[in-house]
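To start, the structure itself, in structure tokens.
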Amino acid sequence: SKAQLFDKGTKVNITFNDVAGLDEAKVEVMEIVDFLKNPKKYTNLGGKIPKGALLVGPPGTGKTLLAKAVAGEAQVPFFSLSGSDFVEMFVGVGASRVRDLFKQAREKAPCIIFIDEIDAIGRARGKNAIMSNDERESTLNQLLVEMDGFSGESGIIVLAATNRPDVLDSALLRPGRFDRQISIDKPDVKGREAIFKVHLKPIKVSEHVDIHKLAEQTPGFAGADIANVCNEAALIAARKGKEAVDMSDFQDAVDRVIGGLEKKNKIISPDE
Ligand code: ATP
């Protein structure tokens with residue numbers, strides 16, 4: 001809702017176990033967990049702890065999930081805000097939200113700040129901005145001011161997600177800001193199998209369900225689509241009064257999710 005524009009330092013219970021696949025990305029963010037847990041280990045040798053990292057990848061691939069898992073693993077509060085929340089705000093409101101967010105984060109550090117869809121705020125001038133230029137610029141400027149206003153030792157790490165790194169204002173990518181990029185790709189067949197396993201945990205499945213086959217039948221699916229398939233399959237089976245979800249329910253669910261994805265693709269504008 002618009003009233004609550006960001007998570008105010010919520011405690012999260014998500015860990016790396018909840019994030020399937022993404023092995024390389026996990027290795028990179030494990031370093032961030034260590035920065036949060038043992039900052040002295042790094043600063044003692046004169047190193048500067050990075051302040052921000054950009055998670056780059058298509059929608060639904062687990063960027064938010066991974067950011068939450070970093071907070072969960074390091075046992076620090078999680079603050080978040082989405083670039084799309086700023087669309088159609090009055091000039092100055094975005095900047096004051098950003099200021100407010102960092103103020104609260106400083107009080108609760110060490111912590112993670114997660115900015116989803118940072119491209120909505122951080123687009124370079126003239127690149128098809130979805131909010132007015134004045135508003136976008138004042139929000140972006142405030143973010144840059146905040147990023148420059150704390151040091152790596154303060155225990156705040158800002159993770160931001162985007163699927164359009166190409167449109168970002170280069171000011172965001174300078175050293176001391178989002179100078180690391182971690183790519184979060186759509187899962188391959190092994191990754192999809194691992195994601196199915198995570199999302200099948202709470203579901204009663206019949207013994208004939210072949211997870212490997214499901215992974216093979218879902219090329220191009222992001223983690224969010226797989227989570228969706230598992231849930232749909234459970235609902236389809238329940239509606240039929242079954243005791244457990246079987247392969248045919250999963251197949252119906254896959255078809256349904258593919259139908260949904262096709263519809264979504266039709267309404268996406270050609271330049272996206
Ligand atoms: P967006 O860019 O649309 O915000 P995102 O990359 O942040 O997407 P998430 O919001 O993290 O994606 O993913 C949505 C949901 O999909 C997760 O809450 C989780 O249920 C599931 N999911 C996505 N990726 C994975 C994964 N690698 N392992 C397990 N579950 C996943």
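Atoms within each ligand, like the ligands themselves, are counted from 1 in listed order. As a basis for the values below, the full set of heavy atoms in this structure was taken, side chains included, without hydrogen atoms, waters or symmetry mates.
Residues Ile236 and Val254 do not share a hydrophobic cluster, clusters being chains of Ile/Leu/Val/Met/Phe/Trp/Tyr side chains in contact below 4.5 Å.
Judged by the 6.0 Å and 45° rule, Lys68 forms no cation-pi pair with Phe114.
Checking each of Gln142, Arg174, Arg177 against Met147 for a side-chain contact (heavy atoms from CB on, under 4.5 Å) leaves exactly one that passes, namely Arg177.
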Taking a 3.5 Å cut-off between nitrogen or oxygen atoms, can you list every pair linking ligand 1 to the protein, with distances?
unit_1: ligand 1; atom_1: 2 (O); unit_2: Lys63; atom_2: NZ; d: 3.1
unit_1: ligand 1; atom_1: 3 (O); unit_2: Gly60; atom_2: N; d: 3.4
unit_1: ligand 1; atom_1: 4 (O); unit_2: Asp116; atom_2: OD2; d: 3.2
unit_1: ligand 1; atom_1: 6 (O); unit_2: Thr61; atom_2: N; d: 3.1
unit_1: ligand 1; atom_1: 6 (O); unit_2: Gly62; atom_2: N; d: 3.0
unit_1: ligand 1; atom_1: 6 (O); unit_2: Lys63; atom_2: N; d: 2.9
unit_1: ligand 1; atom_1: 6 (O); unit_2: Lys63; atom_2: NZ; d: 2.9
unit_1: ligand 1; atom_1: 7 (O); unit_2: Thr64; atom_2: N; d: 2.9
unit_1: ligand 1; atom_1: 7 (O); unit_2: Thr64; atom_2: OG1; d: 2.6
unit_1: ligand 1; atom_1: 8 (O); unit_2: Gly60; atom_2: N; d: 2.8
unit_1: ligand 1; atom_1: 11 (O); unit_2: Thr64; atom_2: N; d: 3.3
unit_1: ligand 1; atom_1: 11 (O); unit_2: Leu65; atom_2: N; d: 2.9
unit_1: ligand 1; atom_1: 12 (O); unit_2: Gly62; atom_2: N; d: 3.2
unit_1: ligand 1; atom_1: 16 (O); unit_2: Ala224; atom_2: N; d: 3.4
unit_1: ligand 1; atom_1: 24 (N); unit_2: Thr61; atom_2: O; d: 3.4
unit_1: ligand 1; atom_1: 24 (N); unit_2: Gly62; atom_2: N; d: 3.4
unit_1: ligand 1; atom_1: 27 (N); unit_2: Ala20; atom_2: O; d: 2.9
unit_1: ligand 1; atom_1: 28 (N); unit_2: Ala20; atom_2: N; d: 2.9
unit_1: ligand 1; atom_1: 30 (N); unit_2: His199; atom_2: NE2; d: 2.9

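The minimum heavy-atom distance linking Lys108 with Cys111 is given by the pair O-CB, 4.0 Å.
With sequence neighbours excluded, the residues that form a side chain to side chain contact (heavy atoms under 4.5 Å, CB included) with Asn228 are Glu232, Val257.
Remark: Glu146 engages Arg106 in a salt bridge, criterion side-chain N to carboxylate O under 4.0 Å.
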